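The first residue in the sequence is number 1, and the count goes up from there. Since the structure is predicted, the reported quantities are computational estimates derived from the model, not experimental observations.
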Amino acid sequence: QVQLVESGGGLVQAGGSLRLSCAASGRTFSSYAMGWFRQAPGKEREFVAAVSGSGSRTYYTNSVKGRFTISRDNAKNTVYLQMNSLKPEDTAVYYCAAREDPSYSGSIYPPKYWGQGTQVTVSS
């Protein structure tokens, strides 16, 4: 099993930046695709970004392209989400997710493991 722990959430003004981190347990971190999802009040959970096991392939939902960057450090078993130019509509609980990725395609569907979530609040 894989355990995921997010950190780095908080309150920030519109236009500001935050970096989320997700630390994973296990010895085979590089064999997992990693991703970030978010859920805002009154909305369903949505995909935000994903990265392949090697870190070479990344995917983003259209609303965050150009503002968010996903990356990973396999030596530290950690995935990051750098969030710049934050908007009030980015306010949500952000969840880290993982699934086995033997072909290194970067596919996060369906997620198998989930973190506990971290709150991101962007004020106007």
Check: Asn74 side chain to Asn77 main-chain N or O, any donor-acceptor pair under 3.5 Å?
Finding: no
Item checked: Set of salt bridge (charged side-chain N to carboxylate O under 4.0 Å, His left out) partners for Arg67, sequence neighbours left out -> Asp90
Item checked: Min side-chain heavy-atom separation Val93-Thr118 under 4.5 Å -> no
Check: Donor-acceptor pair, Ser56 side chain versus Ser54 backbone, under 3.5 Å?
Finding: no
Check: Would Ile108 and Val48 show up in the same hydrophobic cluster when neighbours are defined by side-chain heavy atoms closer than 4.5 Å?
Finding: no
Check: So, do Leu4 and Met34 sit near enough that their side-chain heavy atoms are less than 4.5 Å apart?
Finding: yes
Margin query: Less than 4.5 Å apart, side chain to side chain, heavy atoms only: is that true for Trp114 and Cys96?
Written below: no
Notebook entry, point to check: How close do Ala50 and Ile70 get, heavy atom to heavy atom, and via which atoms?
Noted result: O-CG2, 3.6 Å
Next item on the list: Quick one: pull up NZ in Lys112 and CZ in Arg99 and give me the separation to the nearest 0.5 Å.
Entry: 9.0 Å
Checklist line | Side-chain donor or acceptor of Ser52 paired with backbone N/O of Arg57 under 3.5 Å | finding: yes
Notebook entry, point to check: In terms of side-chain heavy atoms, does Asn84 have a donor or acceptor partner in Ser17 at a distance below 3.5 Å?
Noted result: yes
Margin query: Please determine whether the number of non-hydrogen atoms from other residues, nucleotides or ligands lying under 6.0 Å from atom CD of Gln3 exceeds 12.
Written below: no
Next item on the list: Check whether any side-chain heavy atom of Thr69 sits under 4.5 Å from a side-chain heavy atom of Tyr60, and report yes or no.
Entry: yes
Check: When the ring planes of Phe47 and Phe37 are compared, do they come out parallel, tilted or perpendicular, using 30° and 60° as the limits?
Finding: perpendicular
Notebook entry, point to check: With hydrophobic residues grouped by side-chain heavy-atom distances under 4.5 Å, do Tyr95 and Val5 end up in a single group?
Noted result: no
Notebook entry, point to check: Once you round to the nearest 0.5 Å, how far does CE of Met83 lie from CH2 of Trp36?
Noted result: 8.0 Å
Check: Checking Thr121 side chain against Thr91 main chain: does a donor-acceptor pair fall under 3.5 Å?
Finding: no
Margin query: What I'd like to find out is whether the side chain of Val2 reaches to under 4.5 Å of the side chain of Phe29, using heavy atoms alone.
Written below: no
Notebook entry, point to check: Do the side chains of Gln119 and Tyr94 get nearer than 4.5 Å, heavy atoms only?
Noted result: no
Next item on the list: Report yes or no: do Leu81 and Tyr113 belong to one cluster of Ile/Leu/Val/Met/Phe/Trp/Tyr joined by side chain heavy-atom distances under 4.5 Å?
Entry: yes
Check: Would you say the side-chain atoms of Gln116 and Glu6 include a donor-acceptor pair closer than 3.5 Å?
Finding: yes
Checklist line | Reported CZ-to-OG distance for the pair Arg72 and Ser30, which is rounded to 0.5 angstrom | finding: 7.0 Å
Notebook entry, point to check: Donor-acceptor pair, Asp101 side chain versus Gly106 backbone, under 3.5 Å?
Noted result: yes
Note to self: Is there a side chain to side chain contact (heavy atoms under 4.5 Å, CB included) between Leu20 and Tyr80? Walk through the geometry before answering.
What the structure shows: CA-CA 6 Å; Leu20 306 183; Tyr80 305 96; over 6 Å; no
Check: Are Arg38 and Glu46 side-chain neighbours, meaning at least one heavy-atom pair lies under 4.5 Å?
Finding: yes
Checklist line | Arg19 (side chain) donor-acceptor with Gly9 (main chain) under 3.5 angstrom | finding: no
Checklist line | Main-chain N/O of Ala97 paired to Tyr32 side chain as donor or acceptor, under 3.5 Å | finding: no
Next item on the list: May I ask whether Val51 and Phe68 are part of the same hydrophobic cluster, defined by side-chain heavy atoms of I, L, V, M, F, W, Y residues being less than 4.5 angstrom apart, directly or through others?
Entry: yes
Note to self: Please find the pair of heavy atoms, one from Ala14 and one from Ser124, that lie closest to each other, and give the distance.
What the structure shows: CB-CA, 4.4 Å
